[in-house]
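The sequence lines fix the lettering, A, B, ..., with proteins before strands; numbering per chain opens at 1. Just so we're clear, the structure is a prediction, and the values are computed from it rather than from any experiment.
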Amino acid sequence: MSNITITTPLYYVNDKPHLGSIYTTIASDAYARFQRLNGNKVMFITGVDEHGQKIQRTAELNKTTPINHCNTISQKYKSLWEKWSISNDCFIRTTDPHHQKLVEQFFQRVQSKGDIRIGNQQGWYCVGCEEYKEESKDSSKPICPIHLKELEWRDEENLFFCLSNYQTQIENILQNPEFIQPKSRRNEIIKFVSKGLKDFSISRLNLEWGIPVPGFDGHTFYVWFDALLGYISALLPKGEEVDLDDINNFSWPPEIHIIGKDILRFHAVYWPAMLLSADLDLPRKVFGHGFLTREGQKMGKSLGNVLDPELLLNKYGEDAIRWYLLSDFRFGQDGDFQQKRFIDLVNNDLANTIGNLLNRTSSMSRKWFTNKVPDFTYDSNEEELKNLSNSTIIEVKGYLDNLCFKEACSSILNLASSANLYLNDNKPWTLIKEVKNIERVGFCLYNVLETIRIVAILINPLVPNLSKDILYQLSYNHNQINWNIDLEWGKLKKSSSLPKPSPILVKLEDE
RNA sequence: GUCAGUGUAGCUCAGCCGGUUAGAGCACAGCAUUCAUAACGCUGAGGUCGAGAGUUCAAGUCUCUCCACUGACACCA
């Protein structure tokens, strides 16, 4: 048993949650549940990032104060995660007071290390965006691609973090092939780092909505510096004095940061350097997952094709969406959300393959074994399903350990299909016509029921509610499941009662 | 522009160090059928493996060229 800390990004509260955030969070949740089921002590962190210019501007647009805006959006995230059964152990807000203390303390460490300097942030600035833009390569007059207006040159005093001091150390960290996943993203980062690291600014001037930099009037911390530290604040008890020396007693460092590919560099380069500077341990792994498109198109407000997680949940239920997102997309790659495919897959996999398997087997047992799991003394060398279950368990563990959700789902589904086939081959409904076969039928049905139980336990981290429903219908205690115990073949008690089966998933209909 | 990756059945993708008639799931068509949720099962149709050239006894699998798409190339949560 070990301590495992898992993080989602701290979502920027500029806008309400979208499908991308639920995708990351569901995957993280599945991984966290998997680790718990294996008996590990898990600290699953999620939360929100609430500072910065964009927030301030959005609040102004909505004619409210930044903190009110943050309260509203943060609450949306919080309640949405509850509705989705996200099993996070804490929820950090970067406006939490103890976070501010931690940022200050962290800054002082880095500063005393000599990794902070004053410099000037220069660049082409778009007044409309209120952002620095990358200098355009080919045109001499830089133009904002959004506002199509000329950019103006700005030169602002900022504090800089001396990332360049960590060039070789970062390169060494990247030597570890496990540190950044998937591999393609790792290559990008290595390439990026090899071109030479430049210092980056960690403060802004004249931006009110941020944490003030101690000792530098008018400076507030740039959101990234602030936000990344939320992973640490999340672990510390609220309201008490913070002490960075103690964080290893609070499940630091994380086993994994699960993030979208867009923010990989911050987590895989800037963040490790910051931690090195502060003499803190590094996360063991950073996983940059892919993005989702919808029916082949990017999702965006301008296209008006965003999928609202709340609407999805109300319409289809969490299990259906969780299964689709985890089973059809390779986690490291981009995926395309297709309505028809979603409906087809969920109905096939969950309702037909798994759900109907439960239904048909339970029905037979109830019919011929007085509403119970068969009791029998039939002796046989035949261990087809037992062996397949055991090999599936090993496979699934391996896949989930590497966040290969799709492969895990497919492996589990294969087990369920095999159980369906096993029934078709053994034909208990024919055997039972001769009374002398009752023992053999009992043996056959028990094998399938037990396989269903294994299937239910294996899908538990992926679709927890569906899993519980199946276990309930098998009269198997679904509280406190532990994979080291409950995945053992033969745990289903003979003669335990079977309730009348009911569909575990109402089939979805295409609109 | 530079670098990297991808391009295989209608859709999503597997195909490791090159080796018999190119695979899976879904979709589609047919058969069978009740233990079951019109489910499960079986069969079938469907691919010039992006294009062209080359290496080889043999290439989806290696090399080169071209085409298309995607990503990275420092302040985008």
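Rounded to whole Å, the separation between the P atoms of B:U12 and B:C73 comes to 27 Å. Taking atom C1' in both B:A59 and B:C76, one finds a spacing of 43 Å when rounded to whole Å. Distance check on atom P: B:A45 versus B:A14 gives 25 Å, rounded to whole Å. Taking the C1' atom of each, B:G23 and B:U8 are spaced 10 Å apart, rounded to whole Å. B:U55 and B:C62 have their C1' atoms separated by 8 Å, with the value rounded to a whole Å. Separation of the C1' atoms belonging to B:G1 and B:G46 is 42 Å when rounded to the nearest angstrom. B:A32 and B:C17 have their P atoms separated by 46 Å, given to the nearest Å. A gap of 9 Å separates the P atoms of B:A9 and B:U48, to the nearest Å.
If you check every strand for non-hydrogen atoms under 4.0 Å, A:Leu197 touches a base. Base engagement by A:Leu10 is indicated by at least one non-hydrogen atom pair under 4.0 Å involving a base atom. Note on A:Lys195: only backbone sugar-phosphate atoms sit closer than 4.0 angstrom, heavy atoms only; bases stay farther off. Within the nucleic acid shown, A:Ile202 has no heavy atom closer than 4.0 Å to any nucleic acid atom. Residue-level contact check: A:Asn348 touches the backbone only, with heavy atoms under 4.0 Å from sugar-phosphate atoms and none from bases. Residue-level contact check: A:Asp262 touches the bases, meaning some heavy atom is under 4.0 Å from a base atom. Looking at heavy-atom distances under 4.0 Å, A:Phe160 makes contact with a base. Contact annotation for A:Gly196: base contact, defined as any heavy-atom pair under 4.0 Å involving a base atom.
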What one-letter contact string describes nucleotides 3-11 of chain B from 5' to 3', where B marks a base within less than 4.0 Å of any protein heavy atom, S marks contact via sugar-phosphate atoms alone, and - marks no contact?
-> S-------B
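With B:A74, B:G71, B:U37 as the choices, the nucleotide that has an atom nearest any side-chain atom of A:Asn359 turns out to be B:U37. Here the side chain of A:Phe192 is nearest to one of B:U37, B:A74, B:U12, namely B:A74. Side-chain proximity of A:Lys261 to the nucleotides B:G41, B:A74, B:G71 is greatest for B:G71.
Using cut-offs of 30° and 60° on the angle between ring planes, the pair A:Phe342 and A:Phe337 is tilted. Aromatic ring orientation, A:His267 versus A:Tyr231: tilted (interplanar angle from 30° to 60°).
Listed by chain and number, the residues in a salt bridge (charged side-chain N to carboxylate O under 4.0 Å, His left out) with A:Asp344 are A:Lys340 (sequence neighbours excluded). Taking the side-chain hydrogen bond (donor to acceptor under 3.5 Å, both in side chains) definition, one finds that A:His257 meets it with A:Thr7, A:Trp271, sequence neighbours left out. Under the side-chain hydrogen bond (donor to acceptor under 3.5 Å, both in side chains) criterion, A:Ser233 pairs with A:His99, not counting sequence neighbours.
Rounded to whole Å, atom P of B:C13 lies 21 Å from atom CG of A:Asn414. At whole-Å resolution of the value, CG in A:Asn424 and C1' in B:A32 are 11 Å apart. One interatomic measurement links the two molecules: CZ of A:Arg185 to P of B:G71, which rounds to 9 Å at whole-angstrom precision. Atoms CZ (A:Arg330) and C1' (B:U70) sit 17 Å apart, rounded to a whole Å. If you measure from atom CD of A:Gln473 to atom C1' of B:U37, you get 12 Å, rounded to the nearest angstrom. If you take CZ of A:Phe329 and P of B:C26, they are 17 Å apart, rounded to a whole angstrom. Regarding A:Leu163, its CG atom lies at a distance of 13 Å from the P atom of B:A74, rounded to whole Å. At whole-Å resolution of the value, CD1 in A:Ile432 and P in B:C35 are 11 Å apart.
Distances shown here put a side-chain N or O of A:Asn352 below 4.0 Å from the OP1 or OP2 atom of B:C40. Phosphate proximity of B:A36 to A:Lys367: present, with a side-chain N or O under 4.0 Å from OP1 or OP2.
A donor-acceptor contact under 3.5 angstrom links the side chains of A:Asn447 and A:Tyr422, judged on distance only. Between the side chains of A:Glu171 and A:Gln175, no donor-acceptor pair of N or O atoms lies under 3.5 Å. Between the side chains of A:His69 and A:Glu50, not a single donor N or O lies within less than 3.5 Å of an accepting N or O. No hydrogens or angles considered: nothing links the side chains of A:Asp319 and A:Asn465 as a donor-acceptor pair under 3.5 Å. Between A:Asn158 and A:Glu156, the side chains place a donor N or O and an acceptor N or O closer than 3.5 Å (distance only, hydrogens not considered).
When A:Leu350, A:Leu345, A:Asn348, A:Ile354 are each tested for a side chain to side chain contact (heavy atoms under 4.5 Å, CB included) with A:Leu413, only one passes: A:Ile354.
Residue-to-nucleotide proximity on RNA chain B shows that, of A:Tyr270 and A:Gly355, the 5′-proximal contact is made by A:Gly355. Projected onto RNA chain B by closest heavy-atom contact, A:Ser417 and A:Arg360 fall at different nucleotides, the more 5' of which corresponds to A:Arg360.
The base of B:A36 lies close enough to the side chain of A:Asn356 for a donor and an acceptor atom to sit less than 3.5 Å apart.
Residues from residues 438-456 of chain A that place a heavy atom under 4.0 Å from any atom of RNA chain B: there are none.
At least one cation-pi condition fails for A:Arg204 and A:Phe221: the charged atom is not both under 6.0 angstrom from the six-membered ring centre and inside a 45 degree cone around its axis. A cation-pi geometry, defined here as NZ or CZ lying under 6.0 Å from the six-membered ring centre and within 45° of its normal, holds between A:Arg117 and A:Phe160. Judged by the 6.0 Å distance and 45° axis criteria, A:Lys261 is positioned over the aromatic ring of A:Phe291. Figure legend: cation-pi geometry between A:Lys406 and A:Phe331 absent, as NZ or CZ is not positioned both under 6.0 Å from the six-membered ring centre and within 45° of its axis.
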Can you run through RNA chain B from 5' to 3' and write each base as (, ), [, ], | or . depending on how it pairs? Watson-Crick or G-U wobble, both distances under 3.5 Å.
-> (((((((..((((.....[...)))).((((.........)))).....(((((..]....))))))))))))....
